[in-house]
J.: 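Sharing a structure below in structure tokens format, with a few things to ask.
Scope of the values below: all heavy atoms of this structure, side chains included, with no hydrogens, waters or symmetry mates.
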Amino acid sequence: MILKIVLASLVIFMLFNLFKALFLMTKNDPDKPPMSTFIGRRLLFSGLIIVTVLIGVATGLITPNPPPY
């Protein structure tokens with residue numbers, strides 16, 4: 001259960017940074033931080049999601065669907 005909460009929060013943070021970069025791109029305000037910082041954070045959270053899923057599968061907390069035979 002805690003793994004699902006962690007994954008859901010990482011997805012929410014990833015989407016937040018994606019939309020933050022989108023709004024920053026449309027405003028084009030030179031006083032705000034560059035868009036690349038938010039895109040970099042989104043990439044970091046995406047990597048954390050992949051690593052978390054891989055660790056969950058390796059430890060048995062997440063069971064993948066069996067292939068259809």
Side-chain angles (χ1 to χ4, degrees):
M1 182 66 180
I2 191 98
L3 187 65
K4 290 179 183 180
I5 294 171
V6 169
L7 285 174
S9 63
L10 286 173
V11 168
I12 289 170
F13 288 144
M14 182 186 71
L15 289 174
F16 172 76
N17 283 309
L18 180 66
F19 285 112
K20 186 79 170 173
L22 174 73
F23 290 133
L24 200 78
M25 181 177 67
T26 57
K27 297 292 183 193
N28 199 11
D29 189 10
D31 296 332
K32 300 280 183 172
M35 182 180 65
S36 62
T37 59
F38 297 108
I39 298 296
R41 287 181 191 166
R42 185 186 70 92
L43 183 65
L44 174 72
F45 287 125
S46 299
L48 285 175
I49 290 170
I50 291 171
V51 168
T52 305
V53 168
L54 289 176
I55 289 173
V57 169
T59 59
L61 293 172
I62 299 174
T63 55
N65 292 335
Y69 291 120

J.: Do L44 and I55 sit in the same hydrophobic cluster, where Ile, Leu, Val, Met, Phe, Trp and Tyr count as joined when their side-chain heavy atoms come under 4.5 Å apart?
T.: no

J.: About how many Å separate CD1 of I62 and CG of L3, when rounded to the nearest 0.5 Å?
T.: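 With rounding to 0.5 Å, CG (L3) is 4.5 Å from CD1 (I62).
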
J.: As an exercise, state the distance from CD1 of I39 to CE of M25, rounded to the nearest 0.5 Å.
T.: 8.0 Å

J.: Roughly how far, to the nearest 0.5 Å, is CG of L15 from NZ of K20?
T.: 15.0 Å

J.: On a heavy-atom basis, which atom in T59 and which in G56 lie closest, and how many Å separate them?
T.: OG1-O, 3.4 Å

J.: Test of understanding: clusters of I, L, V, M, F, W, Y form through side-chain heavy atoms closer than 4.5 Å, transitively. Do L10 and F16 belong to the same one?
T.: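 L10 and F16: separate clusters.
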
J.: Let me confirm one number: the CG-CD1 distance from N17 to I12, rounded to the nearest 0.5 Å.
T.: 12.5 Å

J.: Does L54 share a hydrophobic cluster with F45, counting links as ILVMFWY side-chain heavy atoms below 4.5 Å and allowing steps through other members?
T.: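 L54 does not cluster with F45.
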
J.: Can you measure from CG (L61) to NZ (K4) and round to the nearest 0.5 angstrom?
T.: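 Going from the CG atom of L61 to the NZ atom of K4 covers 11.0 Å.
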
J.: So does I5 have more than 12 non-hydrogen atoms from other groups sitting under 6.0 Å from CD1?
T.: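 Atom CD1 in I5 is packed in, count exceeds 12.
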
J.: State, to 0.1 Å, how close P34 and L24 come at their nearest heavy-atom pair, and which atoms those are.
T.: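 Smallest heavy-atom distance, with atoms named: C-CD2, 3.6 Å.
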
J.: Please check if V11 and V6 belong to a single hydrophobic cluster, counting links between Ile, Leu, Val, Met, Phe, Trp and Tyr side chain heavy atoms closer than 4.5 Å.
T.: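 Yes; tracing contacts between hydrophobic side chains, which count when under 4.5 Å, links both residues.
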
J.: What are the two closest heavy atoms between L7 and I49, and how far apart are they?
T.: CD2-O, 4.0 Å

J.: How long is the gap from CZ on F19 to CE on M14, to the nearest 0.5 Å?
T.: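 Going from the CZ atom of F19 to the CE atom of M14 covers 10.0 Å.
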
